[in-house]
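These notes are about the structure you will find just below.
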Amino acid sequence: MKEHFKLVATVAAGFESVVGKEVKSLGFDCQIDNGKVYFEGDIEAIAKTNLWLRAADRIKIIVGQFPARTFEELFQGVNALDWENYLPLGAKFPIAKAKCVKSKLHNEPSVQAITKKAIVKKLQKHYHRPEGVPLQEIGSEFKIEVAILKDIATIMIDTSGTSLFKRGYRVGKGGAPIKENMAAAILELSNWYPDKPLVDPTCGSGTFCIEAALIGMNIAPGFNRSFAFEEWSWVNRDIVEGVRNQAEACANYDVKLDISGFDIDGRMIEIAKKNAEEAGLADIITFKQMRLQDFRTAKLNGVIISNPPYGERLLDDKAVDILYNEMGQTFQALKTWSKFILTSDEGFEKKYGQQADKKRKLYNGTMKVELYQFFGERVKRSQIVR
Ligand code: SAH
């Protein structure tokens with residue numbers, strides 16, 4: 001079977017550079033494109049990136065790429081790929097997804113059907129199975145995806161299974177949780193380091209706090225879940241086990257962290273605590289019911305990360321205006337703290353009463369949002385009392 005793979009980490013728009021950095025820090029060279037980070041590697045690379053990438057959506061193998069302007073070209077292109085190096089006899093291989101953008105071929109169900117046919121034909125020949133008799137699909141599953149962009153088809157196999165934002169610790173959520181990988185990416189974009197206090201004053205189910213604690217303790221985000229490729233019969237279990245053991249050894253459970261989450265809603269605090277407990281971080285994060293307007297601290301040089309209610313989501317317009325105004329008054333008093341606030345409200349700065357030092361356009365699911373960044377005044381390290 002195959003030993004070296006062309007790989008792609010898929011990424012939400014706006015976070016490509018974050019994932020690129022993560023991929024490089026795992027030791028792989030990479031190229032960045034819209035929504036994608038390309039790299040190469042072996043099974044160990046697949047295991048490492050699935051386990052460690054905090055901000056990516058999925059890791060996929062690129063089986064091949066070729067022009068496909070007609071169904072015949074698609075069929076021949078798919079048929080020419082070395083499927084026998086990926087799909088053992090008996091493998092399940094649904095064509096799980098087809099997406100056509102700016103291309104002559106646009107009927108996605110037909111693209112799926114042709115792709116399936118072409119792979120079946122290839123495997124029938126390779127495994128000496130009679131044509132006309134369907135291949136039995138009883139073994140482990142390889143989800144195949146086809147993306148045709150500007151007449152170029154890319155054929156991929158998903159290695160992750162459930163999207164990587166699902167870490168496995170979320171037992172409860174509120175009305176509008178942020179995705180775990182987005183929370184991690186925002187933390188990575190921020191100027192928070194594990195030696196600084198971190199507060200999420202609208203913590204909801206606790207996502208930012210939990211992701212920060214995982215980063216602070218160097219715990220692999222995927223430690224609590226499994227991945228599709230682990231079920232593949234030809235994957236060397238020892239390699240995967242080795243990557244998991246190595247991750248366990250890397251974790252630093254003794255690091256001192258100062259991470260707190262507040263929410264006006266006591267039920268959310270209970271949910272946040274349960275999620276933290278599930279992640280094994282119950283004693284690490286302080287969750288407390290509190291209104292953000294009541295947040296005061298003598299600590300210096302901290303970071304606030306907040307994903308407050310937006311008009312469209314949780315509160316009516318008037319209540320949002322008042323909340324953002326009070327937020328401004330409360331947070332601006334904390335001069336040495338940096339603040340990162342994620343909202344879709346275009347009038348945010350006005351209501352908050354301060355122009356952001358930096359802004360970044362992002363998507364929360366399909367909703368356009370902006371990350372408003374306010375940097376704290378510098379303090380000398382010697383002034384910091386903790
Ligand atoms: N990032 C969170 C979701 C935040 S939703 C997650 O991943 O789950 C916004 C949260 O702000 C809600 O839980 C809501 O209860 C809380 N909230 C609204 N008004 C508040 C206030 N005045 N003070 C503190 N929290 C508030």
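Order of appearance sets the numbers: ligands from 1, and atoms from 1 within every ligand. One is the number of the first residue; the rest follow in order along the sequence.
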Exercise. Quick one: are K288 and S260 in side-chain contact, heavy atoms under 4.5 Å?
Worked result: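 Result no, sub-4.5 Å side-chain heavy-atom pair not found.
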Between D200 and ligand 1, which residue portion shows a heavy-atom distance shorter than 4.0 Å: side chain, backbone, both, or neither?
->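 For D200, there is no contact with ligand 1 at all, from either part.
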Which bit of E326 is near ligand 1, meaning a heavy atom under 4.0 Å away: side chain, backbone, both or neither?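 None of E326 does.
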For ligand 1, is there an atom lying under 4.0 Å from some heavy atom of M290?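 Yes.
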Looking at [X], which atoms of ligand 1 are within less than 4.0 Å of one of its heavy atoms?
X	answer
M268	13 (O)
C203	2 (C), 6 (C), 8 (O)
P201	24 (C), 25 (N)
R291	23 (N)
A176	3 (C)

Quick check: [X] and ligand 1, any N/O pair under 3.5 Å apart?
X	value
F208	no
I264	yes
D263	yes
I178	yes
R170	no
D265	no

Just one of W232, F93, Y86 clears the ring pair (Phe, Tyr, Trp, His ring centres under 6.0 Å) bar with F142, so which one?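 The single option meeting the ring pair (Phe, Tyr, Trp, His ring centres under 6.0 Å) with F142 is W232.
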- Query: Out of Y324, Y372, F374, which one pairs with Y352 under the ring pair (Phe, Tyr, Trp, His ring centres under 6.0 Å) rule?
  - Reply: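 When Y324, Y372, F374 are each tested with Y352, the ring pair (Phe, Tyr, Trp, His ring centres under 6.0 Å) holds only for F374.
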Notebook entry, point to check: Are any of the side-chain nitrogens in K299 or D258 under 4.0 Å away from the carboxylate oxygens of its partner?
Noted result: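 Judged by the 4.0 Å cut-off on N to carboxylate O distance, K299 and D258 do form a salt bridge.
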- request: Verify, without hydrogens or angle tests, whether N224 (side chain) and R167 (backbone) share a donor-acceptor contact under 3.5 angstrom.
  value: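 No.
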K125 (side chain) donor-acceptor with E131 (main chain) under 3.5 angstrom: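 Answer holds: no.
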Applying side-chain hydrogen bond (donor to acceptor under 3.5 Å, both in side chains) between K351 and each of T343, N325, D345, report the one that passes.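 For K351, the side-chain hydrogen bond (donor to acceptor under 3.5 Å, both in side chains) test succeeds with only one of T343, N325, D345, which is D345.
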Non-hydrogen atoms of M1 and N85 that approach each other most closely
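Looking at all heavy atoms of both residues, the closest pair is SD-O, 3.0 Å.
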